[in-house]
Asker: 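Please see the structure below; I have some questions.
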Amino acid sequence: MILQRDNLPNIDQISEEMSHVLGDYDTTELRQFFVYYQQCQAGAKEFGTKLENLDSEFEMLDNHNPIHHMETRMKSPRSLIRKLAKKGHAFSFDAIKNNIFDIAGIRVITNYLDDINTVESALTKQSDVTLLKRKDYISHPKPSGYRSLHLVVSVPVFRANGPVATPVEIQLRTVGMDMWASLEHKLRYKTDVKKAKVEQFSDQLKNYSSELNQIETNMQHIFNHLQEK
Ligand code: 0O2
């Protein structure tokens, strides 16, 4: 018995609807895309299970669980097409497969800085996981002050015809980095705030990013000391 079904659209119905948006377009590409989209969703479930299993193990065996919480999201087709255009590609199944690796994304929020590497290592050393890309915005923050560790990892998804390696983006960040990114994201998409105010807030946020980093480093030291005792 299946307790909960994903509310996936029927592929013929969605191809029909998308062809209205994209005009005179070969819908076989759309079909391929939606099959791939569902495959990526299955990949996120595989990683979701892996992370939940690690979470239970840490909870049971250690006196500290590095995982604070996790969030999973699927990129909306609209945002995906926008990202593809930003990278200079027209919509095609191959362009998506070769350039967009965050169709499925999982965000892992950790308590402390060192927890990020603990979770990364526990996940990437699993024999069916392949690390495809690693972007360390913690050692090298973005000009905005954004900090997080981004991994693109792949896992086999068992389709009706056999296994297929499937990419999922995993963003790892501390509670502090997450709070910062949420506020900065809000500022980025606020259109009713005056430009001068946005610039002022952006500068403040940039400073807060390094201040938060300093605070998190200091708190890590206290935590390590208490753990040793
Ligand atoms: P959403 O809604 O999160 O999906 P690539 O060229 O493909 O390797 P990519 O993915 O284009 O790299 O860019 P990047 O910068 O490595 O990662 C993009 C994602 O990181 C964003 O997702 C955000 O979630 C986050 N991010 C990156 N920079 C910032 C920043 O300055 N501020 C905040 N708040 N978040 C940031 P998307 O795709 O924008 O959207």
Side-chain angles (χ1 to χ4, degrees), residues 1-55 69-109 119-120 122-135 148-173 185 189:
M1 185 174 67
I2 292 173
L3 293 176
Q4 191 187 337
R5 262 187 217 282
D6 291 329
N7 193 17
L8 286 167
N10 174 274
I11 204 152
D12 291 323
Q13 191 187 335
I14 199 86
S15 298
E16 219 305 272
E17 282 172 21
M18 288 292 283
S19 63
H20 290 303
V21 181
L22 293 165
D24 188 15
Y25 197 85
D26 181 0
T27 54
T28 38
E29 294 259 345
L30 278 176
R31 289 183 72 90
Q32 282 178 306
F33 162 64
F34 282 108
V35 169
Y36 185 62
Y37 193 87
Q38 190 273 326
Q39 180 192 322
C40 291
Q41 191 171 39
K45 284 186 190 164
E46 295 285 346
F47 275 111
T49 304
K50 284 177 181 298
L51 286 160
E52 277 171 19
N53 288 342
L54 285 171
D55 180 68
H69 70 277
M70 297 177 255
E71 297 158 9
T72 305
R73 74 105 184 86
M74 290 298 291
K75 207 172 193 69
S76 70
R78 183 191 287 261
S79 146
L80 198 151
I81 290 167
R82 214 183 293 134
K83 185 164 183 173
L84 205 57
K86 218 168 114 191
K87 286 176 175 255
H89 301 284
F91 180 92
S92 80
F93 173 62
D94 280 346
I96 290 168
K97 218 175 156 197
N98 298 329
N99 296 285
I100 309 290
F101 304 107
D102 65 340
I103 293 179
I106 301 184
R107 196 166 279 160
V108 183
I109 318 299
V119 177
E120 179 194 14
L123 198 62
T124 53
K125 70 183 173 202
Q126 298 194 5
S127 59
D128 56 346
V129 173
T130 307
L131 178 65
L132 301 176
K133 196 150 80 157
R134 183 179 195 273
K135 289 206 255 178
S148 282
L149 177 66
H150 290 194
L151 307 176
V152 178
V153 277
S154 98
V155 70
V157 163
F158 289 84
R159 310 294 277 169
N161 291 330
V164 258
T166 306
V168 174
E169 185 192 69
I170 306 204
Q171 294 183 351
L172 296 129
R173 52 169 81 147
H185 186 268
Y189 292 98

Asker: Could you go step by step and tell me if Val152 and Asp102 meet the side-chain contact (heavy atoms from CB on, under 4.5 Å) rule?
Answerer: CA-CA 8 Å; Val152 178; Asp102 65 340; over 6 Å; no

Asker: Would Gln32 and Lys97 satisfy side-chain contact (heavy atoms from CB on, under 4.5 Å), going step by step from the backbone distance to the final call?
Answerer: CA-CA 10 Å; Gln32 282 178 306; Lys97 218 175 156 197; over 6 Å; no

Asker: Check Arg73, Met74, Arg78 against Ser76 for a side-chain contact (heavy atoms from CB on, under 4.5 Å) and give me the one that passes.
Answerer: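 Only one option passes, and that is Arg78.
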
Asker: Do Glu169 and Lys135 come close enough that some side-chain heavy atom pair is under 4.5 Å?
Answerer: no

Asker: Distance check, rounded to the nearest 0.5 Å: Thr72 atom OG1 versus Lys45 atom NZ?
Answerer: 10.5 Å

Asker: Counting only N and O atoms by type, is there a donor-acceptor contact under 3.5 Å from the side chain of Glu29 to the main-chain atoms of Phe93?
Answerer: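 Side chain of Glu29 to backbone of Phe93, a donor-acceptor pair under 3.5 Å: yes, one is there.
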
Asker: Less than 4.5 Å apart, side chain to side chain, heavy atoms only: is that true for Leu54 and Gln126?
Answerer: yes

Asker: If only atom types and distance count, is the side chain of Thr166 paired as donor or acceptor with the main-chain N or O of Val164 below 3.5 Å?
Answerer: yes

Asker: Going from CG on Leu80 to CZ on Phe91, what distance comes out if it is rounded to the nearest 0.5 angstrom?
Answerer: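 Going from the CG atom of Leu80 to the CZ atom of Phe91 covers 7.5 Å.
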
Asker: Going by the rule ring-ring contact (aromatic ring centres under 6.0 Å, His included), which residues pair with His89 if we only count those two or more places apart in sequence or in a different chain?
Answerer: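 Here no residue qualifies.
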
Asker: Would a 4.5 Å heavy-atom cut-off, applied to side chains only, mark Val129 and Phe47 as touching?
Answerer: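 A side-chain contact exists here, since the closest heavy-atom pair is under 4.5 Å.
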
Asker: Check side chain to side chain donor-acceptor pair (under 3.5 Å) between Glu71 and all other residues, then give those that pass, not counting sequence neighbours.
Answerer: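 Here the qualifying residues are His69.
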
Asker: Any chance you could measure Ile100, atom CD1, to Leu84, atom CG, to the nearest 0.5 Å?
Answerer: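 So the gap between those two atoms works out to 5.0 Å.
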
